[in-house]
Amino acid sequence: MFALSFGSDLNHWFLQHQREMPWRKTKDPYKIWVSEVMLQQTQVDTVIPYYLRFCERFPTIEALARAELEEVLALWKGLGYYRRAENLHKGVKKIVRELHGRFPTSLKEIAQIPGIGDYTAGAILSIAFNQPVAAVDGNVMRIMARQFAIDEDIGSTKSKRLFERLVLEHMEGEPSVYNQALMELGALICTPRSPKCSECPVQSTCKAYAQGNTEAYPVKARKEKPVEEVYTALVLKRGEAYYLEKRPENGLLANLWGFPLLDESLYERLCALGQPLNPVRHVFTHKRWRLLPVVVEYTGKNEERLRAILNIEPVKFFAMDDIQRLPIGTAFLKIISQIDR
DNA sequence: AAAGCGGGGAG
DNA sequence: CTCCCAGCTTT
């Protein structure tokens, strides 16, 4: 086989080496959409079981549009970035309401759907409808940065446009194949560390390989270390039920359920009323939580004493069976795992 | 342009 | 530990 060009070499490699994935068995734009949203900032192996459960429960746009957000979030539990689920839910409802349930085929219309940005729009248009548009994700930026020795910070808006242009300039064959080939190459060969250049189908055109400094790309601005926040987590117990509150619509773990998080300074006073559990650590992209859980029985004298400390009026206590069905963030699940035994 | 938003895997 | 991952929305 002659080396023809970047695009065709890439496509040939992909057709021989692509991995099997559930969403590669369909051209249904809805299912491609679900997979792309789940795959935002999330690795393939993590997504697969979530994707299969989700598509079984919500096989169509209509099925998802009929569901309550609460159930959608419950299926998303543990996957993170819960706004994705909320936007997906808003998106299908919008399509049912405004487009008679038909997934739009123009970039202009697709861009109006909540949760679909430049990447996801490009991915759906190219994979489901085979339209020649770019779909630039982290993999693609890494590959192109190495191919062309791009020194621009990949986090900047400017470099994003540059990568889209490079992708389109070198596109060949079926857009569906080409775009997925880029992602697959980034996942299997052109990895962030220790890229497998000896197996790379586009090694001959790679500028960074020629320079011998593939790992110098892509250039990425340094991020701040996440700051730690410490909270007292109130595990209020009444009989065999526990108090959980729904978190605000905006902010961290929005719309999920959890234990009340109180100021660290209340820890000692609450410990005097109940029993501490093991501290829980949880890391987000931009902050770290250290939660100090205290189990307090909501009975008798404690009720009075709690009222003096807090201004919460605990209403909803949940049995453990009900807790399992609620959308709850992993940080709180770590506490629950200590009491559910 | 920058910040906020999860959770897990790899090394 | 650190870095990264099939990013988007809001400010």
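Chain A is the first sequence line, chain B the second, and so forth, proteins listed ahead of strands; every chain is numbered from 1.
With distances taken from any side-chain atom of Tyr81(A) to the nucleotides dC3(C), dA6(C), dG6(B), the minimum falls on dG6(B). Residue Arg222(A) places its side chain closer to dT2(C) than to any other of dC5(B), dT2(C), dA6(C). When distances are taken from the side chain of Lys220(A) to each of dC4(C), dT9(C), dA6(C), the shortest belongs to dC4(C). Distance from the side chain of Gln43(A) is smallest to dG9(B) among dA6(C), dG6(B), dG9(B). Closest approach to the Thr46(A) side chain among dG6(B), dA6(C), dG9(B) is made by dG9(B) (side chain taken as heavy atoms from C-beta onward). Set against dA1(B), dG6(B), dA6(C), the side chain of Leu252(A) has dG6(B) as its closest nucleotide. Of all nucleotides listed (dG7(C), dC4(C), dG7(B)), dC4(C) comes nearest to the side chain of Pro192(A). With dG7(C), dG8(B), dG11(B) as the candidates, the nucleotide lying closest to the side chain of Thr330(A) is dG8(B).
Across the protein-nucleic acid pair, Lys160(A) atom NZ and dT9(C) atom P stand 11 Å apart, rounded to whole Å. Between the CZ atom of Arg83(A) and the C1' atom of dG6(B) there is a distance of 12 Å, rounded to whole Å. If you measure from atom CD of Glu86(A) to atom P of dT10(C), you get 10 Å, rounded to the nearest angstrom. Summarising the geometry, the separation between CD on Gln41(A) and C1' on dC3(C) is reported as 12 Å, rounded to the nearest angstrom. If you measure from atom CG of Asp45(A) to atom C1' of dA6(C), you get 13 Å, rounded to the nearest angstrom. The separation between Ile116(A) atom CD1 and dT9(C) atom P is 8 Å, rounded to whole Å. Straight-line distance from the CD1 atom of Ile113(A) to the P atom of dG7(C): 19 Å, rounded to whole Å.
A close approach under 4.0 Å does occur between a side-chain nitrogen or oxygen of Tyr82(A) and OP1 or OP2 of dG7(B). Checking the phosphate oxygens (OP1, OP2) of dC8(C), a side-chain nitrogen or oxygen of Thr120(A) falls inside 4.0 Å. Neither OP1 nor OP2 of dG4(B) sits under 4.0 Å from any side-chain N or O of His286(A). Look at Gln40(A) and you won't find any side-chain N or O under 4.0 angstrom from OP1 or OP2 of dG7(C). A sub-4.0 Å separation between OP1 or OP2 of dG7(B) and a side-chain N or O of His282(A) is present.
Listed for the Thr205(A) side chain is a donor-acceptor partner under 3.5 Å among the backbone atoms of Val202(A).
Comparing dT11(C) with dG6(B), their P atoms sit 16 Å apart, to the nearest whole Å. Annotation: dC8(C) and dG9(B) have their P atoms spaced 23 Å apart (nearest Å). dG11(B) and dA6(C) have their P atoms separated by 14 Å, with the value rounded to a whole Å.
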Side chain to side chain donor-acceptor pair (under 3.5 Å) evaluation trace for Asn255(A) with Glu86(A): CA-CA 9 Å; Asn255(A) 294 313; Glu86(A) 195 182 336; 3.1 Å; yes
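In terms of heavy atoms, Phe317(A) sits closest to Leu236(A) at CE2-O, 3.8 Å. In plain terms, the two heavy atoms of Ala233(A) and Leu261(A) that are nearest each other are CB-CD2, 4.0 Å.
Between the side chain of Thr42(A) and the base of dG7(B), no donor-acceptor pair under 3.5 Å is found.
With hydrogens and angles left out, the side-chain atoms of Asn179(A) and Ser126(A) include a donor and acceptor closer than 3.5 Å.
Remark on DNA chain C: of its neighbouring residues Pro114(A) and Ile127(A), the 5'-side contact belongs to Ile127(A), judged by nearest-heavy-atom nucleotide. When each of Lys287(A) and Lys334(A) is assigned the nucleotide of DNA chain B with its nearest heavy atom, Lys287(A) is the one assigned upstream, toward the 5' end.
Ring centroids of Phe284(A) and His282(A) are separated by less than 6.0 Å, placing the two rings close together.
Both the sub-6.0 Å distance and the 45° axial angle are not jointly satisfied by Arg84(A) relative to the ring of Tyr81(A).
Arg288(A) comes within 4.0 angstrom of nothing in the nucleic acid, heavy atoms only.
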